[in-house]
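To start, the structure itself, in structure tokens.
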Amino acid sequence: MTLIEMKGLRKVFGRNIEAVKNLDLSVEEGEFLVLVGPSGCGKTTTLRMIAGFEEPTAGEIYIQGRLVNDIEPGQRNLGMVFQNLALFPHKTVAENIEFGPRMKKVDPETRLRRVREAAEMVKITHLLDKLPGQCSGGEAQRVALARTLVTDPSVFLLDEPLSSLDAKLRREMRAEIDRLHQRLGKTFVFVTHDQEEAMTLADRIVVMRDGVIEQVGSPLEIYGDPVSHFVADFFGSPSMNLIPGTLSQESGKARFRAPGLTVELPPSFSQAPAGEATLGFRPEHLAVSQNGGIFRGEVRLVEPLGKDTLLYFDRGGERPLIAVVEGTRTFREGDTLGVSVNPDLLYLFGGDGKRIRRGSKGTGIRPA
Ligand SMILES: Nc1ncnc2c1ncn2[C@@H]1O[C@H](COP(=O)(O)OP(=O)(O)OP(=O)(O)O)[C@@H](O)[C@H]1O
Ligand SMILES: [Mg+2]
């Protein structure tokens, strides 16, 4: 069932800062929806419009079928965790968590019980008497979460709740938010600019760019079936190798050429229009050998990551080509190697950045 629906949503700040351009999006009940995109693409603005802290310049927002454009934030039954946490510095953790229910005039006994339950859920019972300033970054994030949990909202709106944490803590908190979502069965709308966070948490990912939606899909669809150069580049670490060049159609055969690289494309590309194009292939889909390959080049950098090793190939001024190989194989900087790729795992993007074709084995679900 659709819980939140946004139609033609637009937000202009001042005279001409168009933060959100024309957004149509629905959020299904119980799903974990992640809004992801680079800084400034309109994620926070979208979330704040849902929450009611920002008035749309145009368009409608419906929650459970009811138009809420003119409904106060407090009446929307949503819980928002802000990008900057916004905890009261002079109130204890317990008082911070208790604030919402107190404003709603919940009786003291129920308040106390709810604060305890929320604190237990995010494991901060031992911090209840501290001030926010005496908490670590991760602890403060948990307090902010508890403060929202305690209001028992129908939807959780989380704006980069993990961004101030170090990598390890972020992974831990990520798992905890995932558990919380499963345990509560509530709807989550989660904003991040971290593609990995989006991939691991989301049921559906909404990729935003410059105030518009670029693509919506499951993590696997977004990864395997990116609709544009932008999405292909944004997801995956290291990201997809994207090589600008030219596509030609010669007697029914598609051929891609770029400096130092010529690739015969499989029959599925024979309808692609000739001209300026970008060829894409993921680092993990490359095979490296002494001879042959679509590209031969010198290894400029070897980056051992343990299980895998990254090889960076020099492409003379262009972005380096990156291959992922098993960590047990040894390569040295300065080695000249050939790189090959299964043609069924190739992606082709047009001059406008839109995907034209992909090989028949892209890891996505739908054929191109
Ligand atoms: N109150 C405001 N007044 C004027 N411009 C604003 C305001 N809030 C946001 N903007 C602008 O709107 C655009 C979108 O901002 P928004 O905060 O939604 O981005 P974001 O995707 O959340 O970015 P980040 O990842 O950096 O948090 C930006 O260009 C920003 O400068
Ligand atoms: Mg933001």
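Note that ligands are numbered from 1 as they come in the structure, with each ligand's atoms numbered from 1 the same way.
- One finds no salt bridge joining Arg76 and Glu72 here, because no Lys/Arg side-chain nitrogen approaches an Asp/Glu carboxylate oxygen to under 4.0 Å.
- At a 4.0 Å cut-off, at least one heavy atom of Gly40 sits close enough to ligand 1 to count as contact.
- Contact atoms of ligand 1 toward Thr44: 17 (O), 18 (O), 20 (P), 22 (O), 27 (O) (distance under 4.0 Å to a heavy atom of the residue).
- Ligand 1 is approached by Glu160 to a heavy-atom distance shorter than 4.0 Å.
- For Thr44, the nearest N, O or S atom to the Mg ion (ligand 2) falls under 2.8 Å.
- In terms of polar-atom proximity, Ala19 is not counted as a contact of ligand 1, lacking any N or O under 3.5 Å from an N or O of the ligand.
- In terms of polar-atom proximity, defined here as any N/O pair under 3.5 Å, Ile17 makes no such contact with ligand 1.
- Interface of His193 with ligand 1, defined as ligand atoms under 4.0 Å from a residue heavy atom, comprises 25 (O).
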Next on the checklist: Evaluate Met199 against Val36 for side chain to side chain contact (heavy atoms under 4.5 Å, CB included), listing each step before the verdict.
Outcome noted: CA-CA 10 Å; Met199 293 288 286; Val36 67; over 6 Å; no
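- Between the side chains of Thr125 and Arg116, no donor N or O sits under 3.5 Å from an acceptor N or O.
- The distance from the CG atom of Asn77 to the CG atom of Asp152 is 7.5 Å, given to the nearest 0.5 Å.
- Between the CG atom of Asn22 and the CG atom of Leu9 there is a distance of 9.0 Å, given to the nearest 0.5 Å.
- In the model, Glu197 has a side-chain atom that pairs as donor or acceptor with a side-chain atom of Thr192 under 3.5 Å.
- Any N or O atom pair closer than 3.5 Å counts here, and Gly42 shares at least one such pair with ligand 1.
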